[in-house]
Amino acid sequence: MSESANERIADLIEITPISEPRVADRKARTRDAILTGPIAGTLMRLALPTIAVLLAQTAVGVAETYYVGVLGTEALAGVALVFPVYMLMVTMSNGGLGSGVASALARAIGAGRQHDADALVLHAIVLAAIAGAVFTVGLLCGGPALYGALGGNGASLRAALAYSNTVFGGAAAIWIVNLLSAALRGAGNVRVPALVTLVGAAVMIPASPALIFGFGPIPRLGVGGAGLAFVLYYVCALIVLLRYMASGRSGLKLRMARLEWRLFADILKVGIPTALNTVQTNLTVIIMTGAVGGLGVDAIAGYGIASRLDYVMIPILFGLSSAVLTMVGIAVGAGQAARARRIALIGASVGGAFAEIVGLAVALAPTLWSGLFTGQAPVTITATTYLTTVAPTYGFMAAGFVFAFAVQGAGHALWPFLAYTIRTVLAAGGGMVVVHVFHAGMAALSAAVAISYIVFAPICGVPMLSRRLWRVSVKQNAT
């Protein structure tokens, strides 16, 4: 998009300047709704814009998979090899360090520490730039070895590298956009991240095929064009969000300030364990992809299609869970431990029920999903095996996911970290054992994933039984 287009998007975000009293009034209304309003209603008001946005992003990803599928099985397999690593970066930035940023901001706002809340924005950008550089260097240098180890070779490996080098070349922009969005969500501002993402999705859906297949003066870029569409969107979103945050109209003010270790620590005490959780989640998928790679390129493609539904569920749950995190963080910062705990229980109930309904529906008709991407029987068989086994356990996965965010909102991350670790051992470790020791196939791998989801939920839910944890959280944030 051009500079003038960026300006038009910025104008959509806020057509007229807002005075400081109006900004303060809007912030006060949001805080009061979280602390005194109906929990379910406030939760949905905060969650739905984020869910809509993430569904739009997911729709772009699904459309991209469809476009890449037109290029053939090798191209589809190449993207499937990169997808877990790409999602590792996205989930680390959104739900990993992003959760740390949102939690720190929510608790600061709940406690009335506005100066700290403003300063946390700059600290988040610094962390994002560092993390983005790590991903860029790591994947440009180590991509060939990684994708080769996962089963890529020949045309599928070339496709994986073309896609990966483009996407991870823009990693810093992706990280900064996601952490700025997390900062806004932590402050209860869900409208602006939603608007920026929806505009980007509307542009990317036609832009992606134009770059993949070529259109007019645009050359045919193949798989690399799909990655370029993502990068272009994030660069434009970065420009818009930086301008908006610097204006102060968001209720948070991006300004130059002295970097303080205590603020980095406030982000990282939640962000690092949560980022490790996302590492473990995606490591599980990577290990599973490597195991499936021994079954052939059709199996890789089928598993990539099926496991992508897991990732489709995550944006919906992330929207709900990020709202839970914000509400819990502000409630804890304001000293309302009992309300924070009720918010967590209501959020987990809503998320678990929704995910279980979707999971059962997909398990009963798996080809409704796999048929969107391929009609090849060997690919469909692998996808169907996974979906009929794993999808019915989505309710457990969802409840655990929401509980984890709630505890992180309170400034703690131990129990979620333990839950993710055990889930990784059961799914990835169990999957490797059934393949290499018992020489089993996709059915056994899928069963290992399903068992890990079932165990995951009650471990994440343990803190709900501890009233002391919530009281301790309140005392820590009052100091």
Side-chain angles (χ1 to χ4, degrees), residues 39-40 43-44 46-55 57-58 87 90-91 94-96 98-99 102 185 274 277-278 280-282 284-285 306-328 341-364 366 369 386-409 413 415-424 426-427 446-465:
I39 290 176
L43 184 62
M44 289 299 101
L46 291 175
L48 288 177
T50 304
I51 291 173
V53 159
L54 294 171
L55 284 176
Q57 284 184 324
T58 301
M87 286 304 300
V90 171
T91 54
N94 271 324
S99 290
R185 288 193 300 269
T274 308
N277 294 345
T278 66
Q280 293 185 84
T281 298
N282 288 276
T284 299
V285 177
S307 62
R308 183 164 285 224
L309 182 59
D310 293 18
Y311 286 113
V312 169
M313 295 299 301
I314 287 175
I316 300 172
L317 296 174
F318 179 81
L320 175 65
S321 300
S322 63
V324 169
L325 184 151
T326 296
M327 292 180 67
V328 166
R341 187 166 172 268
R342 287 198 303 273
I343 291 167
L345 292 170
I346 291 172
S349 299
V350 172
F354 169 78
E356 188 61 23
I357 291 171
V358 172
L360 291 175
V362 171
L364 292 173
W369 174 257
Y386 183 90
L387 292 172
T388 54
T389 305
V390 175
T393 65
Y394 280 166
F396 292 95
M397 180 266 288
F401 194 89
V402 178
F403 278 143
F405 270 67
V407 176
Q408 291 155 12
W415 280 102
F417 178 73
L418 291 175
Y420 277 93
T421 300
I422 293 171
R423 193 179 85 174
T424 298
L426 290 174
S446 301
V449 175
I451 292 170
S452 73
Y453 282 166
I454 293 171
V455 173
F456 173 67
I459 298 175
C460 284
V462 167
M464 298 302 106
L465 304 176

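Side-chain atoms are counted along with the backbone in the values below, which use heavy atoms only and exclude waters and symmetry mates.
When all heavy atoms of Pro463 and Cys460 are compared, the closest pair comes out as CD-O, 3.1 Å. A pairwise comparison of heavy atoms in Gly347 and Val324 identifies CA-CG2, 4.0 Å as the closest pair. Looking at every heavy atom in both residues, Val328 comes nearest to Ala406 through CG1-O, 3.3 Å. The minimum heavy-atom distance linking Ile459 with Trp415 is given by the pair O-CE3, 3.8 Å.
Not counting sequence neighbours, the partners of Thr91 by the side chain to side chain donor-acceptor pair (under 3.5 Å) test are Asn282. Here Thr421 pairs with Gln280 under the side chain to side chain donor-acceptor pair (under 3.5 Å) rule; sequence neighbours left out.
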- prompt: What do the steps show when you test Met313 against Phe354 for side chain to side chain contact (heavy atoms under 4.5 Å, CB included), and what is the final call?
  reply: CA-CA 10 Å; Met313 295 299 301; Phe354 169 78; 4.1 Å; yes
message: What verdict does the side chain to side chain contact (heavy atoms under 4.5 Å, CB included) test give for Phe456 and Ile422, after you've listed the backbone C-alpha separation in whole Å, the side-chain angles of each residue and the deciding distance to 0.1 Å?
response: CA-CA 7 Å; Phe456 173 67; Ile422 293 171; over 6 Å; no
message: Under the criterion side chain to side chain contact (heavy atoms under 4.5 Å, CB included), I'd like the reasoning laid out for Met327 against Ile346: C-alpha separation, chi angles, the key distance, then a yes or no.
response: CA-CA 12 Å; Met327 292 180 67; Ile346 291 172; over 6 Å; no
For residues 386-405, dump all side-chain donor-acceptor pairs below 3.5 Å to protein atoms at least two apart in sequence or in another chain.
unit_1, atom_1, unit_2, atom_2, d
Tyr386, OH, Asp310, OD2, 2.6
Thr388, OG1, Thr384, O, 2.9
Thr388, OG1, Thr385, O, 3.2
Thr389, OG1, Thr385, O, 3.0
Thr393, OG1, Val390, O, 2.7
Tyr394, OH, Asp310, OD1, 2.5

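With hydrogens and angles ignored, the 3.5 Å screen pairs a side-chain donor or acceptor of Thr326 with a backbone N or O of Arg185.
Residue Leu320 holds its CG atom at 9.0 Å from CG of Leu48, rounded to the nearest 0.5 Å. A distance of 12.5 Å separates OG1 in Thr274 from CG in Asn94, rounded to the nearest 0.5 Å. How far OG of Ser322 is from CG of Leu317: 10.5 Å, rounded to the nearest 0.5 Å.
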